[in-house]
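So that the names make sense, note that chain A is the first sequence line, chain B the second, and so on, each numbered from 1.
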2 protein chains.
Amino acid sequence: MFSKACEYASKIMIYLASKRDEDKLAGLKDIAKAINSPEAYTAKILQQLVRRELLLSVRGPNGGFGIHKNKEVSLMEVVMAIDGEGIVKKCILGLEVCSENRPCPVHDKFVAVRDHLRGILSTTLITEVGDGIEESIFFLK
Amino acid sequence: MFSKACEYASKIMIYLASKRDEDKLAGLKDIAKAINSPEAYTAKILQQLVRRELLLSVRGPNGGFGIHKNKEVSLMEVVMAIDGEGIVKKCILGLEVCSENRPCPVHDKFVAVRDHLRGILSTTLITEVGDGIEESIFFLK
DNA sequence: ATAATTAAGGATAAATTTGTCCGGAATTAT
DNA sequence: ATAATTCCGGACAAATTTATCCTTAATTAT
Ligand code: FES
Ligand code: FES
């Protein structure tokens, strides 16, 4: 469904959202440990999220990563940042363009699923799903 | 969503289903042309579908591929044959196991989408979606 | 100032997926 | 029988994704 990178990215965002009330930032090692991901690869994904301004980063001692506290971020934004818009645009059978005018044989049925997914992605905020992590109601690894 | 191989496999099955009333089989070249796929790679996928007994094949002159006429095949069976059960079992965030007992933060929301998808995959028969191809109501390329 | 810490970024490697090539086996037609 | 056709299957190659390593830059604490 999503790329591994996108899975990591989502977990990163949710993890950092769950720590949004702590005054200190989380470092790469903390994050990779919290979501059970390879450290160096996780660093690359963190970079992308920072470039896309979905995260803030600070270098040096006590540096690390954190969410922008006054900015609501949906899962859709995270997915788009890493995997692009394919998941909510591409034809399920791989036709070059997905359209009503020239539909593949399963277009109608799959548009319904895609819209369902799109709805969830765009209405789900990372802060919302971040709650419940600290309390071990939900898990990231 | 699906692998390229799985996209090709679905198109192959749908294409051959749309030709189920012709008395002759379709050859590799025909098929690859009909679904706009690389020939050699398509051959590999055809092999897999034959091994899984989702298709029949005959070698030699006038040979080729075709569906088993008395066997109803759902899209689910095709997807399972090529991509495995991941799409309807795996955690969307990549947790090793997806379960109610130890859910990721988006488990409930995504199980709904996954079930929606599963429903469509298992109720959609290739013969059903095969109709409309010959008439260019639906397209495979 | 210096040393320690931490992210940034480039190069490279491993793994997986996608795609190609070619000789062999089965079948048919002549 | 022979030749032509078509799928089978193994080896290989290219492309993409995932993952690692190492040097540099920024920041902080001493
Ligand atoms: S054309 Fe295939 S999903 Fe729209
Ligand atoms: S645990 Fe993540 S989808 Fe079920």
field: Passing candidate, side chain to side chain contact (heavy atoms under 4.5 Å, CB included) with Met13(A), options Leu75(A), Val129(A), Thr127(A), Ile126(A)
entry: Ile126(A)

- prompt: So which of Ile45(B), Val78(B), Val79(B) actually passes side chain to side chain contact (heavy atoms under 4.5 Å, CB included) with Cys6(B)?
  reply: Val79(B)

task: Take atom CD1 of Ile45(B) and atom C1' of dG9(D), then tell me their distance rounded to the nearest Å.
output: 15 Å

- prompt: Reckon Ser57(A) has a side-chain N or O less than 4.0 Å from the OP1 or OP2 of dA8(C)?
  reply: yes

Value in whole Å for how far the P atom of dA19(D) lies from CG of Asn36(A): 11 Å

message: Quick check against the 3.5 Å criterion: does Arg118(A) have a side-chain atom that pairs as donor or acceptor with the backbone of Met76(A)?
response: no

- prompt: Are any of Asn62(A)'s side-chain N or O atoms less than 4.0 Å away from OP1 or OP2 of dT6(C)?
  reply: no

query: Does the pair Ser37(A) and Lys11(A) meet the rule for a side-chain hydrogen bond (donor to acceptor under 3.5 Å, both in side chains), with working shown?
result: CA-CA 10 Å; Ser37(A) 62; Lys11(A) 292 203 225 176; over 6 Å; no

task: Starting at atom CG of Leu46(A), determine the distance to atom C1' of dT20(D), rounded to an integer number of angstrom.
output: 16 Å

field: Residue-level proximity of residues 16-27 of chain A to DNA chain D when a heavy atom falls under 4.0 Å
entry: none

query: Please give, in whole Å, the distance from dA19(D) P to Glu7(A) CD?
result: 10 Å

field: Under 4.0 Å protein heavy-atom contact, by nucleotide of nucleotides 14-26 of chain C - B base, S sugar-phosphate only
entry: ----BBB---BBB

message: In whole Å, I'd like the distance from the CG atom of Leu55(A) to the C1' atom of dT6(C).
response: 16 Å

message: Strictly below 4.0 Å: does Gln47(A) bring a side-chain N or O up to OP1 or OP2 of dA8(C)?
response: no

- line: One should read off an interatomic distance between Glu7(A) CD and Ile82(A) CD1, to the nearest 0.5 angstrom, of 12.0 Å

- line: Rounded to whole Å, the CG-C1' distance (Leu28(A) to dA26(D)) equals 16 Å

Distance-minimising heavy-atom pair for Lys109(B) and Thr124(A): NZ-OG1, 3.0 Å

message: Side-chain N or O of Arg51(B) versus OP1/OP2 of dG9(D): is the shortest distance under 4.0 Å?
response: yes

query: Do the rings of Phe2(B) and Phe110(A) sit parallel, tilted or perpendicular, given the 30° and 60° boundaries?
result: perpendicular

statement: Gln48(A) atom CD is separated from dG9(C) atom C1', nearest whole Å, by 12 Å

- prompt: Is a side-chain N or O of Arg20(A) found less than 3.5 angstrom from the main chain of Ala17(A), in a donor-acceptor match?
  reply: yes

message: From NZ of Lys33(A) over to P of dT6(C), roughly how many Å is that when rounded to an integer?
response: 12 Å

message: I need the minimum non-hydrogen distance between Ser3(A) and Asp83(A), along with the two atoms involved.
response: OG-OD1, 2.6 Å

